[in-house]
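Input: a single structure, listed below in structure tokens.
A note on names: the letters A, B, ... follow the listed sequences, proteins ahead of strands, and every chain is numbered from 1.
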Protein chains: 2
Amino acid sequence: MSKSEHTRSALLQSATRQFGEFGYSNASLRKIAGQAGVDVALISRYFGGKLGLFNASLKECLNWPELLDPANDPIETAIEKFTDPTSEDHKFSTTRMIILNADDPIVGERVRVALFDKLIDPLEARMDGAHVKERLAMFIAVIVGASITRYSLQVPGMASADAKMHSRQLRHLIDAALSFKC
Amino acid sequence: MSKSEHTRSALLQSATRQFGEFGYSNASLRKIAGQAGVDVALISRYFGGKLGLFNASLKECLNWPELLDPANDPIETAIEKFTDPTSEDHKFSTTRMIILNADDPIVGERVRVALFDKLIDPLEARMDGAHVKERLAMFIAVIVGASITRYSLQVPGMASADAKMHSRQLRHLIDAALSFKC
DNA sequence: AATATTTGTCAACAAGTGTTGACTTCATGC
DNA sequence: GCATGAAGTCAACACTTGTTGACAAATATT
């Protein structure tokens with residue numbers, strides 16, 4: 001790994017944390033560079049600017065090839081990815097990255113398009129039964145709502161629940177979402 | 001209504017729109033004042049600054065006395081308030097105001113405390129049965145998740161659903177949340 | 001009518017933002 | 001050893017932000 005690749009990836013990792021924690025507009029390039037131990041000007045050099053850095057970070061976040069693998073159940077894969085149990089801190093999960101930036105006046109549109117291209121459309125293509133669109137939307141709503149309730153709002157009934165209990169809550173709601181009949 | 005009260009309320013209304021659409025940090029005092037047809041400096045005069053303006057707006061948003069009225073069913077009242085069918089544009093709903101600012105580095109803590117004081121704790125006090133905390137958290141998750149999915153992410157299965165269909169989706173998930181048994 | 005109080009206007013401020021270009025340092029080729 | 005190009009440093013830029021204080025206009029009070 002060359003020197004430039006090293007700083008590039010350090011920048012990308014730091015950016016993903018900051019964008020995921022504070023959102024695009026609240027994240028500062030100087031803080032991103034500082035956390036990566038690198039000069040601010042290098043961001044423009046390697047990514048062309050703040051927008052380019054965000055795009056690179058977004059692309060990395062939403063790269064979920066497992067979703068396309070026929071060997072995997074799409075819903076189970078999505079649950080694993082969304083709840084992201086490997087991440088050390090859910091503050092920096094992909095779910096948060098999406099939610100926090102979906103309304104941004106600058107990158108919101110981009111985030112939504114990427115979300116559809118990389119996640120929602122592939123998921124929809126692999127679901128069957130009646131009312132796929134409606135059930136999928138309800139599934140997304142449950143995942144997103146649970147994430148916000150647990151980590152952003154910190155409502156005790158979810159925030160203080162242990163992993164097992166939270167998993168039961170999630171499964172119960174997901175089952176309801178997927179079994180919806182108009 | 002005196003002159004000063006008029007500009008004060010115009011400022012407050014404009015602020016609620018901007019804070020609800022862009023979030024605290026992305027909202028600009030100059031735009032708020034401009035939309036209210038008033039000079040920027042008057043914000044500092046009437047509200048003491050940006051933070052004071054936000055607090056006033058937040059207080060107004062979360063003033064839901066109907067929730068405490070024993071004549072009303074608390075859950076039904078909460079649903080009405082959260083889904084906010086009277087608002088001309090859900091972009092400026094109370095739900096959005098809360099979600100969009102719950103993570104802000106400056107006002108996030110304030111928003112969460114107000115949410116608990118004014119909504120969650122009163123709701124919890126009026127619910128009965130087993131596992132109240134867990135079921136309430138799941139209820140919140142459904143409301144919040146549906147709002148984001150429909151209005152922020154704009155997932156077609158919810159965003160394109162008419163009012164009747166969306167209401168059925170919401171009821172189905174809420175029933176599941178409230179009937180949860182550990 | 002003259003004074004006092006409220007209400008509104010304007011310009012400036014310090015701080016922070018993303019971005020740029022000239023410069024130095026470093027490593028690799030010949 | 002020297003020259004070439006990559007990699008990193010630094011200071012400045014134009015701009016926006018929230019806030020402040022001095023001033024003008026309008027309204028109310030005596």
Side-chain angles (χ1 to χ4, degrees), chain A residues 1-58 97 100-101 103-111, chain B residues 1-58 97 100-101 103-111:
Chain A
M1 196 181 197
S2 75
K3 186 83 187 300
S4 69
E5 280 171 23
H6 181 274
T7 71
R8 202 190 131 93
S9 92
L11 233 26
L12 201 54
Q13 181 184 340
S14 170
T16 301
R17 289 180 73 92
Q18 296 283 326
F19 287 141
E21 184 167 4
F22 302 113
Y24 179 79
S25 296
N26 282 350
S28 154
L29 289 192
R30 282 177 171 83
K31 274 178 197 146
I32 291 175
Q35 186 176 318
V38 154
D39 192 280
V40 208
L42 294 182
I43 292 177
S44 289
R45 178 191 294 284
Y46 287 115
F47 297 94
K50 192 180 189 181
L51 209 54
L53 180 59
F54 181 82
N55 286 333
S57 171
L58 182 67
M97 173 81 168
L100 210 54
N101 291 298
D103 290 302
D104 189 277
I106 300 172
V107 299
E109 179 76 17
R110 224 173 278 261
V111 169
Chain B
M1 195 179 200
S2 75
K3 186 84 187 300
S4 71
E5 280 170 24
H6 182 276
T7 70
R8 203 189 130 93
S9 92
L11 232 28
L12 201 55
Q13 181 184 340
S14 170
T16 302
R17 287 180 73 93
Q18 296 283 327
F19 287 142
E21 185 167 2
F22 303 114
Y24 179 79
S25 296
N26 281 351
S28 152
L29 289 191
R30 283 177 169 85
K31 273 177 199 147
I32 291 175
Q35 186 174 321
V38 154
D39 192 281
V40 208
L42 294 182
I43 292 177
S44 289
R45 178 192 292 289
Y46 287 116
F47 297 94
K50 191 179 190 181
L51 209 53
L53 180 60
F54 181 82
N55 286 334
S57 171
L58 182 66
M97 173 80 169
L100 210 52
N101 291 299
D103 289 305
D104 190 276
I106 300 173
V107 299
E109 179 76 17
R110 224 173 278 262
V111 169

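Regarding Phe54(A), its CZ atom lies at a distance of 16 Å from the C1' atom of dG18(C), rounded to whole Å. Put simply, CG on Asp39(B) is 6 Å from C1' on dT9(C), counting in whole angstrom units. For Leu11(B) and dT7(C), the CG to C1' distance is 13 Å, given to the nearest whole Å. Rounded to a whole Å, the NE2 atom of His6(A) is 17 Å from the C1' atom of dA27(C). We find that NZ of Lys50(B) is positioned 12 Å from C1' of dT19(D), with the value rounded to whole Å. When the C1' atom of dT6(C) is taken as reference, atom CZ of Arg8(B) falls 15 Å away, rounded to whole Å. Put simply, CZ on Arg30(A) is 13 Å from P on dA12(D), counting in whole angstrom units. Spacing between atom CZ of Phe47(B) and atom P of dG8(C) amounts to 12 Å, rounded to whole angstrom units.
If you take CG on Asn26(B) and CG on Leu100(B), they are separated by 8.0 Å, rounding to the nearest 0.5 Å.
Ring geometry for Phe19(A) against Tyr24(A) counts as parallel: the plane angle stays under 30°, on a 0 to 90° scale with 60° as the upper cut.
Residues Arg110(B) and Asn55(B) approach most closely at CD-OD1, 2.7 Å, considering heavy atoms. For the residue pair Ser14(B) and Ile32(B), the shortest heavy atom distance occurs at OG-O, 2.8 Å.
In terms of position along DNA chain C, the nucleotide closest to Thr7(B) lies nearer the 5' end than the nucleotide closest to the other residue of the pair Arg45(A) and Thr7(B).
Not one side-chain nitrogen or oxygen of Ser4(A) sits closer than 4.0 Å to the OP1 or OP2 atom of dA6(D). When the side-chain nitrogen and oxygen atoms of Ser44(A) are compared with OP1 and OP2 of dG18(C), none of them lie within a distance under 4.0 Å.
Across all strands shown, Leu29(B) has heavy atoms under 4.0 Å from sugar-phosphate atoms exclusively, and none from any base. Residue contacts shown for Ala27(A) are limited to sugar-phosphate atoms, with no base heavy atom under 4.0 Å away.
Distances were taken from every side-chain heavy atom of Ala41(B) (C-beta onward) to each of dT17(C), dT20(D), dG8(C); the shortest belongs to dT20(D). Distance from the side chain of Tyr46(A) is smallest to dA7(D) among dT19(D), dT19(C), dA7(D).
For the pair Thr16(A) (side chain) and Leu12(A) (backbone), a donor-acceptor distance under 3.5 Å is present.
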